[in-house]
Amino acid sequence: MKPVLYIVIPCYNEEAVLPITAPTFKEKIESLASRGLISGESRVLFVNDGSKDKTWDIICDLAKSDPIFKGISLSRNKGHQNALLAGLNEASELCDISISIDCDGQDDINAMDKMVEEYLGGADVVYGVRANRETDTFFKRTTAQGFYKFMKLLGADVVYNHADYRLMSAKVLKELKNFKEVNLFLRGIVPLVGFKSTCVYYERKARLAGKGHYPLKRMISLALNGITSLSIRPIRIITALGFIVAVISLVGIIWSVAVTLMGKSVAGWASIVSITCFLGGIQLLSLGVIGEYIGKMYLEVKGRPRYIIEKRTEEEV
Ligand code: UDP
Ligand code: MG
C-alpha cells in the first residue's frame, strides 16, 4: 500500500501568503500521488496558531473547496514550535509520513519529491537543509550560522542549516510524543529520537508575501531556548569559571598578604574596585544562567498543556 502523506503547516497571521501557497501544496500532493509515490488519501494539514487576521477563514474556505485541505485551530497563539507539534500529533494517527513546512513559500516544495524517495528508500527522518542563505540578510545569515556553530560547541546535536522543513515517519511521530517538554525546540529533539535519517538540500527563497515573525528579539529567545533545552554545558562552564576565578583569587590573597607582611601595603583602591566589579559581574552572570535553567524547570514541573485545539475544519459548517 502507498504511504499516506500529511503536509503539516503552522500558520500565524498569514492571510497574505496562504492563498498563494495553499494551491502549490495541493499540486505537490497531486503530483506525488500521480507519480505513484504516495496515496491519494494524502492531505495538507494547516494549524492556525491563534491568528488575529483572516487566516482561519481562509483555511475553512480551502477545506470546503477541496477535501485535500484540512485544518485545526489552536485556542490562542502558542508559537511556531507548539503549533507545529499540535499538527504533527494530529497527523500522527492519520498518516504514514509527515512533512512539516512553513506556509510562506520560502522552503522549496520540490524538495518533497526527494524526501519521499528517501523515505521509500528506508529513511525515517529526512532533514531539509538549506544549500545557501543568499536570500537572508547578512545579519540573519551570520547570526544564524553562529548559532549552529555555538550549539555544536555546547554539545547539542542539531543539523547545520536545517530549520523545521523535514519528513518524519509515523514511527518517529509516535516516539516524539514521549518527549513531554514544555520548552519545545523540535530541531534539537528530532535528532534525539534517532532512527535512520538523511538530508535533502534545497535553495531557500525569500518570503512570497506577508511579514516574518522572527525579529531579533524572538530569534534570540529561540536560540537561548535551544541552547538551554539541549545542553547543560553552560552550567559546567560556570563551574569551571568559578574554579579558575577562585584559584586566581587565592593567588591574589597570598600576594596581598605577602605585600602587607613586607610592610609595603600602599596598594591603591583601583585594584580592589576592579576585582570587586569583576567578581560581582561574574557572579551575576552565573546566577542569571543558573536562573535560566531553574526557570525552565519551573515551567516543566507545572507541565501545562503545550497547546489546546479549539476547532477542526471538519467541525465547521
Ligand atoms: N508561525 C506560527 N506561530 C507563530 C509565529 C510563526 O505558527 O507564533 C508560523 C508562520 O506562520 C510560518 C512559520 O511559523 O509558517 C515560520 O514563520 P516565519 O516565516 O515568520 O519565520 P522565518 O522564516 O522568518 O524564520
Ligand atoms: Mg519564513
Side-chain angles (χ1 to χ4, degrees), residues 6-22 24-25 28 44-59 62 69 71-91 98-109 111-112 127-130 132-148 158-166 182-188 202-226 306-310:
Y6 265 59
I7 302 183
V8 179
I9 310 167
C11 309
Y12 177 57
N13 293 347
E14 298 287 10
E15 62 179 10
V17 80
L18 210 49
I20 309 173
T21 52
T24 64
F25 296 124
K28 183 45 71 187
V44 180
L45 176 67
F46 293 107
V47 182
N48 172 36
D49 185 17
S51 300
K52 292 177 181 65
D53 63 2
K54 295 210 169 59
T55 301
W56 180 241
D57 298 335
I58 296 171
I59 294 172
L62 286 166
F69 294 114
I72 57 175
S73 184
L74 304 189
S75 58
R76 55 159 296 163
N77 180 246
K78 292 297 264 175
H80 178 199
Q81 299 289 300
N82 289 309
L84 185 52
L85 183 75
L88 293 172
N89 283 346
E90 180 83 3
S98 68
I99 295 181
S100 51
I101 187 166
D102 294 350
C103 71
D104 55 11
Q106 279 191 279
D107 301 314
D108 182 10
I109 58 167
M112 286 188 190
Y127 299 103
V129 177
R130 296 182 199 183
N132 67 358
R133 276 183 172 267
E134 270 140 39
T135 54
D136 279 345
T137 59
F138 171 77
F139 181 74
K140 178 140 189 174
R141 191 164 62 229
T142 34
T143 48
Q145 285 178 342
F147 168 69
Y148 287 109
V158 284
V159 178
Y160 190 66
N161 264 349
H162 157 71
D164 283 299
Y165 185 20
R166 76 176 81 79
V182 175
N183 297 287
L184 197 62
F185 188 67
L186 281 169
R187 55 192 99 152
Y202 68 96
E203 310 264 308
R204 174 123 160 150
K205 291 173 277 195
R207 211 173 217 284
L208 289 178
K211 283 201 299 284
H213 302 95
Y214 282 92
L216 183 61
K217 207 173 119 215
R218 278 187 88 161
M219 266 174 61
I220 292 175
S221 114
L222 182 75
L224 282 181
N225 192 17
R306 292 176 285 186
Y307 57 84
I308 296 169
I309 297 175
E310 187 184 344

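Atoms within a ligand are numbered from 1 in the order they appear, just like the ligands themselves.
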* **Non-hydrogen atom of Q81 closer than 4.0 Å to ligand 1** => no
* Ligand-residue contact atoms, ligand 1 with P10, heavy atoms, under 4.0 Å -> 7 (O), 9 (C), 10 (C), 11 (O), 12 (C), 15 (O)
* Asked: What are the atoms of ligand 1, with element, lying closer than 4.0 Å to any heavy atom of C11?
  -> 7 (O), 11 (O)
* **atom 17 (O) of ligand 1 - nearest protein heavy atom and its distance** => H213 ND1, 3.8 Å
* To do: Say whether N48 and E310, considering side chains only, have a donor N or O and an acceptor N or O under 3.5 Å apart.
  => no
* To do: Output yes when D49 and K78 qualify as a salt bridge under the 4.0 Å nitrogen-oxygen rule, no when they do not.
  => no
* Asked: Do any nitrogen or oxygen atoms of C103 lie less than 3.5 angstrom from nitrogen or oxygen atoms of ligand 1?
  -> yes
* What residue and atom, counting heavy atoms only, is the protein's closest point to atom 1 (N) of ligand 1, and at what distance? -> Y12 CB, 3.7 Å
* So which bit of D104 gets within less than 4.0 Å of ligand 1, heavy atoms only: side chain, backbone, both or neither? -> side chain
* Asked: Is a side-chain donor or acceptor of Y148 paired with a backbone partner of H162 at a separation under 3.5 angstrom?
  -> yes
* To do: Would you mind checking which non-hydrogen protein atom is closest to atom 4 (C) of ligand 1, with the distance to 0.1 Å?
  => D49 OD2, 3.4 Å
* Is the side chain of T21 donor-acceptor paired with the backbone N or O of C103 at a distance under 3.5 Å, no angle test? -> yes
* Asked: Short question: side chain of S98, backbone of L88 - any donor-acceptor pair under 3.5 Å?
  -> no
* **Of the N, O or S atoms in D104, the one nearest the Mg ion (ligand 2)** => OD2
* To do: Say whether, by atom type as modelled, one donor and one acceptor occur between the side chain of T55 and the main chain of Y12 under 3.5 angstrom.
  => no
* **Structural part of N77 in contact with ligand 1, heavy atom criterion under 4.0 angstrom** => side chain
* **Minimum non-hydrogen distance to atom 11 (O) of ligand 1, winning option of K211, Q106, H80, E14** => E14
* Asked: When you measure from atom 21 (O) of ligand 1 to every protein heavy atom, which one gives the shortest distance, and what is it?
  -> Y214 CD1, 3.2 Å
* Asked: Please state which protein non-hydrogen atom is closest to atom 18 (P) of ligand 1 and give its distance, to 0.1 Å?
  -> R207 NH2, 3.5 Å
* From CD1 (I58) to OG (S51), nearest 0.5 Å -> 9.0 Å
* Asked: Any donor and acceptor pair, going by atom type alone, linking the side chain of D104 with main-chain N or O of Q106 inside 3.5 Å?
  -> yes
* Asked: Are R204 and D108 within salt-bridge range, i.e. N to O under 4.0 Å?
  -> no
* Asked: Identify the closest protein heavy atom to atom 16 (C) of ligand 1: which residue and atom is it, and at what distance?
  -> D102 OD2, 3.3 Å
* Asked: Looking at atom 24 (O) of ligand 1, what's its closest protein heavy atom, distance included?
  -> K140 NZ, 3.5 Å
* Can you check whether N89 reaches Y307 side chain to side chain, under 4.5 Å on heavy atoms? -> yes
